[in-house]
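This report concerns only the one structure given below.
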Protein chains: 4
Amino acid sequence: MRKEPRQARSRAMVERIVEAGRRTLVADGYDRFSTNRVAQTAGISPGSLYQYFPDKTALLDVVVERYWDDVSDRVAASLADRISDSGPAMARAVAESLLDALDADRALLRVVAEELPARRSRQRRAALERRVRELATAYLAARPDASRRPSPAVAAWIVVLAVENLATRWVLDRPERPDREELVEEIAALVSGYLTSPG
Amino acid sequence: MRKEPRQARSRAMVERIVEAGRRTLVADGYDRFSTNRVAQTAGISPGSLYQYFPDKTALLDVVVERYWDDVSDRVAASLADRISDSGPAMARAVAESLLDALDADRALLRVVAEELPARRSRQRRAALERRVRELATAYLAARPDASRRPSPAVAAWIVVLAVENLATRWVLDRPERPDREELVEEIAALVSGYLTSPG
Amino acid sequence: MRKEPRQARSRAMVERIVEAGRRTLVADGYDRFSTNRVAQTAGISPGSLYQYFPDKTALLDVVVERYWDDVSDRVAASLADRISDSGPAMARAVAESLLDALDADRALLRVVAEELPARRSRQRRAALERRVRELATAYLAARPDASRRPSPAVAAWIVVLAVENLATRWVLDRPERPDREELVEEIAALVSGYLTSPG
Amino acid sequence: MRKEPRQARSRAMVERIVEAGRRTLVADGYDRFSTNRVAQTAGISPGSLYQYFPDKTALLDVVVERYWDDVSDRVAASLADRISDSGPAMARAVAESLLDALDADRALLRVVAEELPARRSRQRRAALERRVRELATAYLAARPDASRRPSPAVAAWIVVLAVENLATRWVLDRPERPDREELVEEIAALVSGYLTSPG
DNA sequence: TATGAATGAGCATTCATTCAT
DNA sequence: CATGAATGAATGCTCATTCAT
């Protein structure tokens, strides 16, 4: 009496491999991310891996993809709890959400952002940026007087990239100054100062 | 009669190898950056390479290091020509300098910023940031009323990282919007808006 | 109510697999003749294949075996239509029959004769040769004055091998010269010249 | 005081690898002809093999090529010692030469002719055939009355293929009948009977 | 019987590094 | 110093075969 349909078995196996991939990446770094090693970590044979992924790259892509999707989801979820009206508060909310999301799997962020060729992460990272940018654009569109920048699209590009990079760097480097609170404050200032700067 | 002292010979050889490394990196990408290939490009034997560099990584590091030092020098030189008084003009000058400096060897920037594990660039990139940050800090220190941010050091950290990343991404992606002029304008707004934002 | 006895089921399954093997061989070549691929072509699972064949080799052998048996049958059938009295005419008939038989599945001949290790074909190809040799021997025995060769068995060995190889090579290479008609003529001359050569 | 120039070192190594390839082929068969195994047999590391051959196929090709060239040379050498005038004697000489040449490395002939995909041998085997064919054609051209066949080229094609295959098969199978002497006799009869057969 | 997921030994190939010359 | 042939561990990947279901 098999409860789970075939699909579920596959899904479980894919899960197992992806998780092994993630762990291998975090534990051994990108340079040691080899199919044999992942298979060993997953407790399967190298051949089995190829029943679920056409090649090494495909697996890596899924791991990376999943990471950025998770970050993206965490940002979205986190934001939902912090919706607020005023501009600076909004910027603060975004910053906090991003910091939380990036901090959630800092070890993997380190690999994804610092060991992988950026090219590998590009697409999914861009998806995250797009998602946040859409929120930003919607926000700006809904509150025309929140921004004095001439182009909302350009403003969103500027803001999102700047904030994302500041957050990433901060999470990875954890400098003494600014501390988290300061950082959020400065980001809020950066964003609101920019938006209210006369265009 | 050997004219040149050993040191000089070494220096010339190191130079030759580093240059070969740079060319290999640009021409073939990081994946094909192998010691054999570099040696061949340099017109020496693989064994000789190891007389000047302990391992492949060391060579790569020097190439990267040199790249960021060059960028750093170009920024400094470029800035010297644009020294100006007013805040926004200063921000504009920095942005322009950075864009120029990054654009000067865009092919290598692509490899260094998108193919190499970011970790490799870390130290020297940080050096560039430090250098610019120092300029920024000095500027802010000299003009206390230019900034309302509580900590000059933090403000410099924020500004430099934000501007550097925006410039890098823009050079690499060359998006239609913002175009260069717009970008400079927005960066100026970002920086001056931030600095004048009440802390 | 199962209509067919187990035997019949097996036979049908064997058939199905062998046919799939044949098609795989023709379509993809010997290098891609893998059990998985054959099973897929047969619409069964790789495991099932092993219920009918102990290993890959056994299946391949049956496919090859079947091919040469088919050729053998075609030669026999074709010959029945060309029975004639005079020696040269007989040689011509054999040549034509062989060419027809080999041409009938040229695609498979190519694989069997040029891609497979010849060893694989050995036994069954020998069976074909034996069959034709028997006809030849019988013919020679029935017409003692048709041959001046001392040993009919040896003469048959010589003639059959020579003719078979000439026919095979011609079918596979299809050289401009000799064309088919010429070839048949030359084979007839070869055979009758040989047989009438004083022993 | 290095006596041998660089070339010679390479040549020795190539020789060593080719010989190891030959031995591996003979000892373990085509299926076990792997680069690692050849390297081990040669007493070198797998990587070294690739300094002399771009890939496995290239090595195999050289082994096969060398085999057929050797056979070809042996035939030529052997023939030089048997040059004779009369037709049947000539055919006998060719047959003997071929049998000698093929017998010289029967173990390798087995692999080359029965295990390798024929395609691999094709080109070099064709070279042998061409070489012998040229001799035959020259012979026929020089003695117009030696042949009554209409086309010398076609006659050469027929004769060479027939004789080559008979010789090969005989060497590989070593049947009781015909024995070597008989075989040579029958081949002579085959050839001279054919050539004198009225076209 | 039939399945097909899982296996794992094996393969061809690469490349950073060494060391005898 | 310079050489470059030699190394050999490691890699991504395949496929004949097995066995729990």
Side-chain angles (χ1 to χ4, degrees), chain A residues 1-2 6 9-10 12-13 31-40 42-60, chain B residues 2 6 9-10 13 31-40 42-60, chain C residues 2 6 9-10 13 31-40 43-60, chain D residues 1-2 6 9-10 12-13 16 31-40 42-60:
Chain A
M1 223 162 292
R2 200 201 276 154
R6 220 172 293 155
R9 282 240 228 142
S10 284
M13 193 66 158
D31 293 350
R32 298 215 179 290
F33 182 81
S34 75
T35 51
N36 288 347
R37 195 175 281 257
V38 171
Q40 198 179 27
I44 62 172
S45 86
S48 296
L49 196 154
Y50 286 85
Q51 297 220 346
Y52 299 92
F53 297 91
D55 56 23
K56 182 188 165 177
T57 311
L59 168 57
L60 180 59
Chain B
R2 200 198 278 152
R6 223 172 281 162
R9 282 244 226 146
S10 283
M13 196 61 156
D31 293 351
R32 300 211 182 290
F33 181 83
S34 71
T35 50
N36 289 342
R37 194 178 281 257
V38 172
Q40 196 182 28
I44 62 171
S45 88
S48 298
L49 196 153
Y50 284 82
Q51 305 245 336
Y52 301 91
F53 298 91
D55 56 24
K56 183 188 166 181
T57 309
L59 167 57
L60 181 58
Chain C
R2 200 200 274 154
R6 224 170 283 161
R9 282 242 227 146
S10 283
M13 196 65 157
D31 292 351
R32 298 211 182 291
F33 182 82
S34 72
T35 50
N36 289 343
R37 195 177 281 256
V38 172
Q40 196 182 29
I44 63 172
S45 89
S48 297
L49 197 151
Y50 284 82
Q51 303 245 337
Y52 300 93
F53 298 90
D55 56 23
K56 183 187 166 179
T57 310
L59 167 58
L60 181 59
Chain D
M1 223 159 293
R2 199 201 278 153
R6 221 172 294 156
R9 283 241 226 140
S10 283
M13 193 65 157
R16 195 173 165 186
D31 293 350
R32 299 214 179 290
F33 182 81
S34 75
T35 51
N36 288 344
R37 196 176 280 259
V38 170
Q40 199 180 27
I44 62 172
S45 87
S48 295
L49 196 153
Y50 285 83
Q51 297 220 345
Y52 299 91
F53 297 91
D55 56 25
K56 181 188 165 177
T57 310
L59 167 57
L60 180 59

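The chains referred to below are lettered A, B, ... by the order of the sequence lines, with proteins before strands, and numbering in each begins at 1.
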Distance check needed: [N] [atom2] versus [X] [atom1], whole Å only.
X      : N       : atom1 : atom2 : result
R37(C) : dA16(F) : CZ    : P     : 10 Å
Y50(A) : dT11(F) : OH    : P     : 11 Å
L49(D) : dA12(E) : CG    : P     : 10 Å
Q40(A) : dA6(E)  : CD    : P     : 18 Å

Using every non-hydrogen atom in the two residues, find where [X] and [Y] come nearest and quote the distance to one decimal.
X      : Y      : value
F53(D) : L59(D) : CD2-CA, 3.7 Å
L49(D) : I44(D) : N-CD1, 3.9 Å
Y50(C) : D55(C) : CE2-CA, 3.9 Å
R32(C) : R37(C) : O-CD, 3.1 Å

Discussion item. Measuring from the side chain of K56(B) (C-beta onward, heavy atoms only), which nucleotide among dT17(E), dT13(E), dC13(F) has the closest atom?
Written reply: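 Ranking dT17(E), dT13(E), dC13(F) by closest atom to the K56(B) side chain puts dT17(E) first.
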Fill in: Pairing nucleotide - dA20(E), Watson-Crick or G-U, each distance under 3.5 Å
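Here dA20(E) is engaged in a pair, and the nucleotide opposite it is dT3(F).
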Discussion item. Determine whether a donor-acceptor pair (one donor, one acceptor, N or O, separation below 3.5 Å) exists between the side chain of Q51(A) and the base of dA5(E).
Written reply: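 It does not, because no donor-acceptor pair links the side chain of Q51(A) to the base of dA5(E) below 3.5 Å.
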Worksheet item: Can you tell me if the side-chain N/O atoms of Y52(D) get under 4.0 Å from OP1 or OP2 in dA5(F)?
Response: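 The answer is no; no side-chain N or O of Y52(D) sits under 4.0 Å from OP1 or OP2.
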Worksheet item: Between P46(C) and T35(C), is any pair of side-chain heavy atoms under 4.5 Å apart?
Response: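 Answer no - side chains too far apart.
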Worksheet entry | Rounded distance [0.5 Å steps], CD in Q51(A) versus CE in M13(A) |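 Going from the CD atom of Q51(A) to the CE atom of M13(A) covers 7.5 Å.
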Practice prompt. Check every strand shown and say whether F53(D) touches a base, only sugar-phosphate, or nothing at a heavy-atom separation below 4.0 Å.
Written response: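 F53(D): no heavy atom of the nucleic acid under 4.0 Å.
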Atom pairs, N/O to N/O, protein against nucleotides 8-10 of chain E, distance under 3.5 Å?
residue : atom : partner : partner atom : Å
dG8(E)  : N7   : S45(A)  : OG           : 2.8

Worksheet item: Want to settle it: does T35(A) or G43(B) sit nearer the 5' end of DNA chain F, counting the closest nucleotide to each?
Response: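 The 5'-side residue here is G43(B).
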Practice prompt. Between D31(D) and I44(A), just flag the one whose closest nucleotide in DNA chain E comes earlier from the 5' side.
Written response: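 Nearest nucleotide further toward 5': that of I44(A).
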